[in-house]
There are 2 protein chains.
Amino acid sequence: MPVPLYQAKADFFRTLGHPVRIRVLELLRDGPRPVRELLGEIEVEASNLSQQLAVLRRTGLVTAVREGGTVVYSLATPDVVDLLAAARRILTDMITGQGELLAELQAEAAK
Amino acid sequence: MPVPLYQAKADFFRTLGHPVRIRVLELLRDGPRPVRELLGEIEVEASNLSQQLAVLRRTGLVTAVREGGTVVYSLATPDVVDLLAAARRILTDMITGQGELLAELQAEAAK
DNA sequence: TCGCAAGTTGAAAAATTCTTAAATTCGTCA
DNA sequence: TGACGAATTTAAGAATTTTTCAACTTGCGA
């Protein structure tokens, strides 16, 4: 296996390795959203959110479209949903029986 | 959504965000392997590999068992395979039509 | 018991990533 | 045109990760 490939994979996962970015992806799961709205749901500075959005954009996980005064973000591919689901399965396994996080993960999976 | 949850998710993805660690998980996909063997397939110092294995162990993604003189690693859960597959789907989408990485990803998916 | 091979650990240096705040761009409206 | 709101960009420092290297176990055979 050539080097650049798993480097690319690692970069990809690293992109997901940030609370704000994960949060954004989960919010976008339900459909496109303007920055203003994201900002309302994630407690973080506007410039910081913008920074994280830039990372997601660069990676190609999300796309941005300007609509008048606001910018609307969406998932670049619905496959992201599968990925987040697979991650949740593993996380559930890992935490089973010992974490306060367990209930939250299960509640989320059920809805 | 409470804070610790997506922090945990982010941490989880960050764990995958390292070339050596990704490499290890992919090798373990085909079954348990002694460190010595992993070392043969990944060009990295023994101590460095050991560090990365420690990260995977701490996260609970892999488990280690001592067998005489060697230590054998395995995936803690087969769900990891799904996760890697989902990641590959997204990566393929993202690169389609424009990367040298594309052919490699497809070849890998086919085998 | 000695010595060697397989792995791991700890700590410091090197490299990356995050955060923060100021400056900037792009539209919209008066 | 001028001012304002929305969002992004940039730069600098702080905080985390990675890498590296030396020291330290553990098991096995001479």
Side-chain angles (χ1 to χ4, degrees), chain A residues 3-4 6-25 27-28 31-76, chain B residues 3-4 6-28 32-76:
Chain A
V3 175
Y6 33 89
Q7 179 63 61
K9 290 181 180 178
D11 288 348
F12 170 72
F13 281 117
R14 185 170 319 197
T15 299
L16 300 175
H18 188 289
V20 170
R21 296 196 292 260
I22 281 285
R23 198 78 203 290
V24 168
L25 293 177
L27 289 171
L28 294 183
R33 299 242 194 168
V35 173
R36 191 116 296 276
E37 233 175 277
L38 296 174
L39 205 46
E41 309 221 35
I42 311 176
E43 71 298 309
V44 70
E45 298 282 323
S47 68
N48 195 339
L49 174 59
S50 208
Q51 195 91 276
Q52 308 310 332
L53 287 172
V55 173
L56 291 172
R57 238 184 297 132
R58 234 176 282 135
T59 310
L61 278 170
V62 306
T63 59
V65 174
R66 168 151 235 144
E67 288 186 6
T70 78
V71 177
V72 176
Y73 279 84
S74 349
L75 290 185
Chain B
V3 174
Y6 33 87
Q7 178 62 61
K9 290 181 180 177
D11 288 347
F12 170 72
F13 280 118
R14 185 168 349 210
T15 300
L16 300 175
H18 188 290
V20 170
R21 296 195 293 260
I22 280 286
R23 198 79 203 290
V24 167
L25 293 178
E26 294 188 330
L27 289 170
L28 294 184
R33 299 240 196 170
V35 173
R36 191 113 297 272
E37 236 174 273
L38 297 175
L39 205 45
E41 311 221 35
I42 311 177
E43 70 299 310
V44 70
E45 298 281 324
S47 68
N48 195 338
L49 175 59
S50 210
Q51 297 277 14
Q52 307 311 330
L53 287 173
V55 173
L56 292 172
R57 238 184 298 131
R58 237 175 280 136
T59 311
L61 279 170
V62 306
T63 58
V65 174
R66 169 151 233 143
E67 288 186 7
T70 77
V71 177
V72 177
Y73 279 84
S74 348
L75 291 185

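Note on naming: letters A, B, ... go to the chains in the order of the sequence lines (proteins, then strands), and numbering restarts at 1 for each one.
A distance of 12.0 Å separates CG of Leu16(B) from NE2 of His18(B), quoted to the nearest 0.5 Å.
To the nearest angstrom, C1' of dC18(C) lies 16 Å from CD1 of Ile22(A). One atom, CG of Leu49(B), and another, P of dC21(D), lie 16 Å apart when rounded to the nearest Å. Rounded to a whole Å, the CD1 atom of Ile42(A) is 13 Å from the P atom of dA7(D). Put simply, CZ on Arg21(B) is 8 Å from P on dT19(D), counting in whole angstrom units. Following rounding to the nearest Å, Leu53(B) (CG) and dT18(D) (C1') show an atom-to-atom distance of 15 Å. The distance from atom CD of Glu43(B) to atom P of dT20(D) is 12 Å, rounded to the nearest whole Å. Following rounding to the nearest Å, Arg33(B) (CZ) and dA6(C) (P) show an atom-to-atom distance of 17 Å. Look at CG on Leu56(A): it is 16 Å from P on dA7(D), rounded to the nearest Å.
Contact between the side-chain N/O atoms of Arg66(B) and the OP1/OP2 oxygens of dG7(C) is not found at any separation under 4.0 Å. For the pair Arg58(B) and dT8(C), the criterion of a side-chain N or O lying under 4.0 Å from OP1 or OP2 is not met. Between Gln52(A) and dT19(C) there is a side-chain polar atom (N or O) within less than 4.0 angstrom of OP1 or OP2. Between dT8(C) and Tyr73(B), a contact under 4.0 Å exists linking OP1 or OP2 to a side-chain N or O. Between Arg36(B) and dT8(C), a side-chain N or O to OP1/OP2 separation shorter than 4.0 Å is absent.
Under 3.5 Å, the side chain of Glu45(A) and the base of dT19(C) form no donor-acceptor pair of N or O atoms. With hydrogens and angles ignored, a donor-acceptor pair under 3.5 angstrom links the side chain of Gln51(B) to the base of dG10(C).
Five base pairs at each end of the helix from dT1(C)-dA30(D) to dA30(C)-dT1(D) define two local axes, and these are offset by 10° (rounded to 10°).
Shortest non-hydrogen contact noted between Val71(A) and Ala64(A) is CG1-CB, 3.8 Å. Between Ala10(B) and Pro19(A), the shortest heavy-atom contact is CB-N, 3.4 Å. The shortest non-hydrogen separation linking Leu39(B) to Val44(B) is CD1-O, 3.5 Å. Of all non-hydrogen atoms in Val55(A) and Thr59(A), the two that sit nearest each other are O-OG1, 2.8 Å.
Checked by atom type and distance alone, the side chain of Arg21(B) pairs as donor or acceptor with a backbone atom of Thr15(B) at under 3.5 Å.
Residue contacts for Ser50(B): at a heavy-atom cut-off of 4.0 Å it reaches a base atom on one of the strands shown.
Between Glu67(A) and Asp11(A), the residue anchored closer to the 5' end of DNA chain C is Asp11(A), taking for each the nucleotide with the nearest heavy atom. Between Arg14(A) and Glu37(A), the residue anchored closer to the 5' end of DNA chain D is Glu37(A), taking for each the nucleotide with the nearest heavy atom.
Of the candidate nucleotides dA7(D), dG7(C), dT9(C), dA7(D) has the atom nearest to the side chain of Val35(A). The listed nucleotides are dT18(D), dT8(C), dT8(D); the one nearest the side chain of His18(B) is dT18(D). Of the candidate nucleotides dA6(C), dT8(C), dT8(D), dA6(C) has the atom nearest to the side chain of Thr70(B). For Ser47(A), whose side chain is taken as the heavy atoms from C-beta onward, the closest listed nucleotide among dA7(D), dA21(C), dG7(C) is dA21(C). In this structure, of dT9(D), dA6(D), dT20(D), it is dT20(D) that holds the atom nearest to the side chain of Asn48(B).
By the 6.0 Å contact criterion, CD on Glu45(B) is open, its count of non-hydrogen atoms from other residues, nucleotides or ligands being 12 or less.
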